[in-house]
There are 2 protein chains.
Amino acid sequence: MRARGRAIVATRASADGATTRVMVNGVSGKMGHATACGVVKRAGFELVPYALTKRATAATTDVLGTEVRGVDVGEEDAGETLERAKREYPGFIVVDYTQPDSVNSNAALYVKHGVPFVMGTTGGDRERMLREVKESGNYAVIAPQMGKQVVAFQAAMKLMAEQFPGAFEGYTLTVTESHQSSKKDTSGTAKAIVASFNDLGCGFDLNDIELVRDVESQTGKMGVPEEHLLGHAFHTYRLTSADGTVSFEFQHNVCGRSIYAEGTVDAVGFLKRKVDAKDPKTLYDMIDVLKEGAMGEWVK
Amino acid sequence: MRARGRAIVATRASADGATTRVMVNGVSGKMGHATACGVVKRAGFELVPYALTKRATAATTDVLGTEVRGVDVGEEDAGETLERAKREYPGFIVVDYTQPDSVNSNAALYVKHGVPFVMGTTGGDRERMLREVKESGNYAVIAPQMGKQVVAFQAAMKLMAEQFPGAFEGYTLTVTESHQSSKKDTSGTAKAIVASFNDLGCGFDLNDIELVRDVESQTGKMGVPEEHLLGHAFHTYRLTSADGTVSFEFQHNVCGRSIYAEGTVDAVGFLKRKVDAKDPKTLYDMIDVLKEGAMGEWVK
């Protein structure tokens, strides 16, 4: 079934000669660069050689051989750059991995110029963005977490809690998460998953999530590879029955950025198909992308 | 919400003075005995002092002070015993933890005498039993796995696979399960969960499930406590992304029988409420019990 689904998509793509063109704003940053590399590597995808950037020194970024020219969004020609890209790369889709303080203004810019976009940048006034984008009818995928498999696991725990409330009543929960030491706050993913465990009956206080930020515990206790100390997201949830005879443990351990970059490119492919199909629904999140099924690998 | 639900049930139970009476067939066996103890310990539950047994020497079993007299099902008075219990302990519910070769004949006996039952015994001709019980309109909970939380986890993985097919495409799965050395076949729960992971895109061969049955690996690698070597069910599933940067691990580790005994008593309480409410649906499984929400502890 999966193989068949993939063949259909591939045929459709080649039949109308459609290439999914992608502009990555924030390409000089780490997530933007990783996503741009994912675009270049994915068959049927093409990287647009312009990118809006906030840096006054709008430099050129090399993405696996594709030179992407940065255009300062502060300059008057930011909108003009989008219009020019629309002429030269019809049907292109934007990926935004910029900064929290640009989220709202960038989304407004994409809406103004009618450009479909995938917002991977977190922060900003989310409620306002979601409302404005929805009202505009502009196509967009907006999600705070682009790691498809992490989103799937988080949704599965939510489904379990909705279907079987109180199933883990009497169980004790412990939660440990490790991230690069530059991350000061508690993992949002951990908080969301704890909410589901509480619906399952655990009665856990969010303040009891153990934050691991020191190198020794990370490499020792958590098993984070040394080369990923500066970029990782490790989570462990442990449920133990009142009498101690039963335990459940769930771990999701992410090193580096490839899971997010892959998920973002999947979201772009998903959005392209929705735009092409003129789907009446225009605003999506990663659950929608996941429900569509496997995106295929298509690595060049 | 949970607290309120529990209060309502408790009030209802005391208002009409209803006690949930339970006959445990197979009470001299390990699961039967553990369940009978669970019945005695649970507030609002009463153990019927008769039990059908296959042993010619129908002995008496002590269950935390309650003497349960065994009555040979081979004798002509097996049905008479059920009728006598119906007179003396009106509305009682049977729990069956006997032997695979008694499953079908016992179910037929309960149906014949109109006794609601929870079938915890595995094996037998399941399809035939399910069909016959359903057609009879006799109330029953029939489930191969009574560990509520294990069933909930298994169902959550199934829900994830149904909602997000192919989400883990490209991931490699490894599965390890440890059980007491007397268990020769592969864990049925592991097989069911692997089916969901395959729908998620893992392409795992059931023959690759690693069976741990030797004491050294059990105490060392799997961490099974020595006192539970003769009765445990430990499962580990590990998913790793193609590039090795992402891993998910799921464990459910059960020692002894209390999780199954507790789940069985929960199923009895559930079935009692369905009988009392004259629910038009009469045949249930543990998913139905779980959907009803927390059963409460009510330990005396």
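All chains are named by letter (A, B, ...) in the order of the sequence lines, taking the proteins before the strands, and each is independently numbered beginning at 1. Side chains are part of it too, since the values below use all heavy atoms of this structure and drop only hydrogens, waters and symmetry mates.
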Which side-chain N or O atoms in residues 31-39 of chain B pair as donor and acceptor under 3.5 Å with protein atoms at least two apart or in another chain?
unit_1 : atom_1 : unit_2 : atom_2 : d
H33(B) : NE2    : D62(B) : O      : 3.1
T35(B) : OG1    : M31(B) : O      : 2.9

Quiz item: Can you tell if the side chain of E249(A) reaches within under 4.5 Å of the side chain of F250(B), non-hydrogen atoms only?
Solution: no
Quiz item: Heavy atoms under 4.5 Å from chain B: which residues of residues 152-161 of chain A carry them?
Solution: A152(A), F153(A), A155(A), A156(A), M157(A), L159(A), M160(A)
Exercise. Measure the CD-NZ distance between Q163(A) and K291(B) for me, rounded to the nearest 0.5 Å.
Key: 5.0 Å
Exercise. Report, as yes or no, whether the 6.0 Å neighbourhood of atom CG on L230(B) holds more than 12 heavy atoms from other residues, nucleotides or ligands.
Key: no
Exercise. Give me the contact list for residues 251-260 of chain B versus chain A, heavy atoms only, anything under 4.5 Å, ordered by residue number.
Key: Q251(B), H252(B), N253(B), V254(B), C255(B), S258(B), I259(B)
Quiz prompt | F164(B) and its side-chain contact (heavy atoms from CB on, under 4.5 Å) partner, picked from V151(A), L290(A), V289(A) | solution = L290(A)
Self-check item: Close approach to chain B in residues 231-240 of chain A, criterion heavy atom under 4.5 Å
Solution: none
Quiz prompt | Heavy-atom neighbours of E226(A) CD exceed 12 at 6.0 Å | solution = no
Quiz item: With only heavy atoms counted, which part of S241(B) is less than 4.5 Å from chain A, the side chain, the backbone, both or neither?
Solution: neither
Exercise. Heavy atoms only, distances under 4.5 angstrom: which of Y171(B), F168(B), F248(B) has the most pairs with chain A? Name it, please.
Key: F248(B)
